[in-house]
Amino acid sequence: MPVTDYDLAATLCSGQAFRWQPVNGGWESVVHGRWVRLEQNPGISGPIQATTLVRQTEWSWLETYLQTEIQLGSILATFPTDVPLTEAVMACRGLRLLQQDPWECLSGFILSSTKQIVQIRQCVEHLCRRAGRPVTAPAGTPWAFAFPSAVDVAALDESALRECRMGFRAPYLRNAACAVAEGRLDLESLRTLSTEEARVRLMALHGVGRKIADCVLLFAYGRQDAFPADVWILKVLNHLYFPNRKPSPQRLQRFVDTHFGPNAGYAQQYLFHHARVHLGAALAHPPSRPKRSPIRTSR
DNA sequence: TTCCAGGAATCAA
DNA sequence: TTGATTCATGGA
């Protein structure tokens, strides 16, 4: 796949998908039930090469997943020109959003609650090994299981899910699986709803609040106006946009709703990844005197 | 050993 | 409506 401005490595390990494994300079996972290996030639405009073991007659499933047709420049052009976001974009040039399967994405983020990303990954793999269908993969591949369908997960009892190390999240996932398996929640039909309507449907699930709903809307449904506000983003907003101040949650939400434009979710991903990769220590132990100037809000 | 993690539900005030 | 507490687990 020819691409421009596409940083495959950053995209696959930026906390939006949990099953990609770095292997011998490439990345391996199972996407829509197919084992696949991805490699990118050096640079963020090097073509991406995909390998499967089962011959593919067409690749639209992967192009859609990777969003290779998106013109990144047209998205970045809608960003406000403030210093923190500009720095994040420069540091993470080529970072993209994926478009994942809604059920897999919803499950992953139900499991994400107060877990570190590495633990979410472990938990997801336990679940796949326990309930996922085996897929054709190179010999010895330990993650050669599809992500289990809602029906597969609903067939497990809570104790089996707890054995996947998901703790108090087990009943949340099981309830969601039952809702989808029994047709009480039609994840495909959410595509036809407005972002706000779809958010309400997702948040009706026990264990799914605003943040998890926004992750699913952004990473599975391509709703780029959804802005997941997690602990990292709140640290970023406080540290970089409101130094020496303590804005109320309402003020922060209003800022998020109005500042970042129609692709706020994309902006969020840049701020999130930049903070985790480059600003981790600074955010964990913020200096008493902020080094950055207050935000300019012109666009 | 202690802290805390891509939260959300619950309950008291 | 707001703030504190609880939930399970394991990496750092």
Side-chain angles (χ1 to χ4, degrees), chain A residues 10-20 88 92 95-98 100 104-127 129-130 156-176 179 199-221 223-224 226-240 246-254 256 260 264-286:
Chain A
T11 299
L12 298 183
C13 66
S14 62
Q16 53 181 317
F18 301 116
R19 296 201 67 197
W20 287 98
C92 308
L95 178 63
R96 300 288 192 121
L97 289 178
L98 303 170
Q100 304 175 58
E104 179 172 344
C105 187
L106 173 62
S107 303
F109 281 98
I110 286 176
L111 299 179
S112 75
S113 180
T114 47
K115 267 185 179 295
Q116 295 178 340
I117 290 178
V118 60
Q119 292 178 305
I120 302 167
R121 297 166 58 85
Q122 293 169 353
C123 189
V124 166
E125 284 317 307
H126 280 302
L127 177 64
R129 211 161 299 171
R130 179 75 183 239
L156 299 180
D157 61 17
E158 185 180 321
S159 64
L161 294 175
R162 284 181 181 268
E163 288 173 4
C164 299
R165 324 314 295 165
M166 57 184 74
F168 63 86
R169 306 157 195 86
Y172 296 159
L173 182 64
R174 182 168 152 70
N175 288 339
R199 179 182 290 127
V200 169
R201 297 284 184 90
L202 291 169
M203 289 178 64
L205 294 169
H206 212 60
V208 178
R210 171 71 186 254
K211 187 266 169 182
I212 291 176
D214 279 352
C215 284
V216 178
L217 291 168
L218 183 62
F219 301 140
Y221 290 98
R223 302 302 174 92
Q224 292 172 14
F227 189 104
D230 73 314
V231 291
W232 278 95
I233 287 298
L234 294 178
K235 282 181 186 175
V236 169
L237 296 180
N238 276 308
H239 182 64
L240 299 182
K246 183 82 172 92
S248 67
Q250 293 83 357
R251 175 74 187 93
L252 272 182
Q253 186 63 53
R254 197 163 67 245
V256 163
F260 292 104
Y266 239 102
Q268 174 275 159
Q269 195 64 9
Y270 277 90
L271 292 170
F272 175 81
H273 190 63
H274 182 51
R276 280 184 16 95
V277 173
H278 302 112
L279 305 178
L283 286 179
H285 309 286

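Throughout, protein chains are lettered first and strands after them, A, B, ... in sequence-line order, and every chain is numbered starting at 1. Nothing here was measured: the structure is a model prediction, and the numbers come from that model.
Taking the six-membered ring for Trp and thresholds of 30 and 60 degrees, A:H278 and A:H274 have ring planes inclined between 30 and 60 degrees apart. The aromatic rings of A:F227 and A:F260 lie parallel to each other, their planes meeting at an angle below 30°, with 60° marking the opposite boundary.
Between the base of B:dG6 and the side chain of A:Q268 there is a donor-acceptor pair shorter than 3.5 Å. Side chain A:S113 to base B:dG7: a donor-acceptor pair is found below 3.5 Å. Looking at A:Q119, its side chain has no donor and acceptor atom pair within 3.5 Å of the base of B:dG6.
The C1' atoms of B:dT1 and C:dG11 are separated by 14 Å, rounded to the nearest whole Å. Using P as the reference atom, B:dC11 and C:dA8 are 16 Å apart when rounded to the nearest Å. One P atom belongs to B:dG6, the other to C:dT6, and the distance between them is 23 Å to the nearest Å. Distance noted for atom P between C:dT5 and B:dC4: 15 Å (whole Å).
The environment of A:R276 atom CZ is dense: over 12 non-hydrogen atoms of other residues, nucleotides or ligands sit within 6.0 angstrom.
Here B:dG6 is the nucleotide among B:dA8, B:dT10, B:dG6 with the atom lying nearest to any side-chain atom of A:S112. Closest to the A:Q269 side chain, of the nucleotides B:dG6, B:dA5, B:dA8, is B:dG6. Across B:dG6, C:dG11, C:dA8, the shortest atom-to-atom separation from the side chain of A:I233 is found for B:dG6.
Across the protein-nucleic acid pair, A:I120 atom CD1 and B:dA5 atom C1' stand 8 Å apart, rounded to whole Å. In this structure, A:M203 atom CE and B:dA8 atom C1' are separated by 10 Å, rounded to whole Å. For the pair A:L97 CG and B:dG6 P, the interatomic distance rounds to 18 Å; values are reported in whole Å. Straight-line distance from the CZ atom of A:R276 to the P atom of C:dA12: 12 Å, rounded to whole Å. Rounding to whole angstrom units, CD of residue A:Q122 and P of B:dG6 are separated by 12 Å. We find that CG of A:D230 is positioned 14 Å from C1' of B:dA8, with the value rounded to whole Å. What separates CH2 of A:W232 from P of B:dA5 is a distance of 8 Å, to the nearest Å. Summarising the geometry, the separation between NE2 on A:H206 and P on B:dG7 is reported as 17 Å, rounded to the nearest angstrom.
Remark: the backbone N or O of A:L95 is paired with a side-chain donor or acceptor of A:Y270 at under 3.5 angstrom. Checked by atom type and distance alone, the side chain of A:T11 pairs as donor or acceptor with a backbone atom of A:R96 at under 3.5 Å.
At least one side-chain nitrogen or oxygen of A:Q250 sits closer than 4.0 Å to the OP1 or OP2 atom of C:dT2. Taking only side-chain nitrogens and oxygens, A:K115 never comes nearer than 4.0 Å to OP1 or OP2 of B:dA8. Under 4.0 angstrom from either OP1 or OP2 of C:dA8 there lies no side-chain N or O belonging to A:H126.
Within residues 159-174 of chain A, the residues that place at least one heavy atom under 4.0 Å from DNA chain C are, in residue-number order, A:R162, A:R165, A:G167, A:F168, A:R169.
Taking SG from A:C105 and CG from A:L218, the interatomic distance works out to 8.5 Å, rounded to the nearest 0.5 Å. A distance of 12.5 Å separates CD in A:Q122 from CG in A:L111, rounded to the nearest 0.5 Å. Between A:S112 atom OG and A:I212 atom CD1 the span is 4.5 Å, to the nearest 0.5 Å. Residue A:M166 holds its CE atom at 9.5 Å from NE2 of A:H126, rounded to the nearest 0.5 Å.
Using a cut-off of 4.0 Å between Lys/Arg side-chain N and Asp/Glu carboxylate O, A:R121 and A:E125 are scored as not salt-bridged.
Looking at heavy-atom distances under 4.0 Å, A:G15 makes contact with a base. Among the protein residues, A:F219 comes within range of the nucleic acid bases, having at least one heavy atom under 4.0 Å from a base atom. Counting any heavy atom pair closer than 4.0 Å across all strands shown, A:S248 reaches no nucleic acid atom.
Here A:F109 and A:F18 bring their ring centres to under 6.0 angstrom of each other.
A stacked arrangement is assigned to A:F272 and the six-membered base ring of B:dG6, with a centre-to-centre distance below 5.5 Å and an interplanar angle below 30°.
Annotation: of the two residues near DNA chain B, A:G207 and A:C215, the 5′-most nearest-nucleotide partner is A:C215.
Stem regions for DNA chain B, each three or more consecutive Watson-Crick or G-U pairs with both distances under 3.5 Å and listed by first number, read B:2-5 with C:9-12, B:7-13 with C:1-7.
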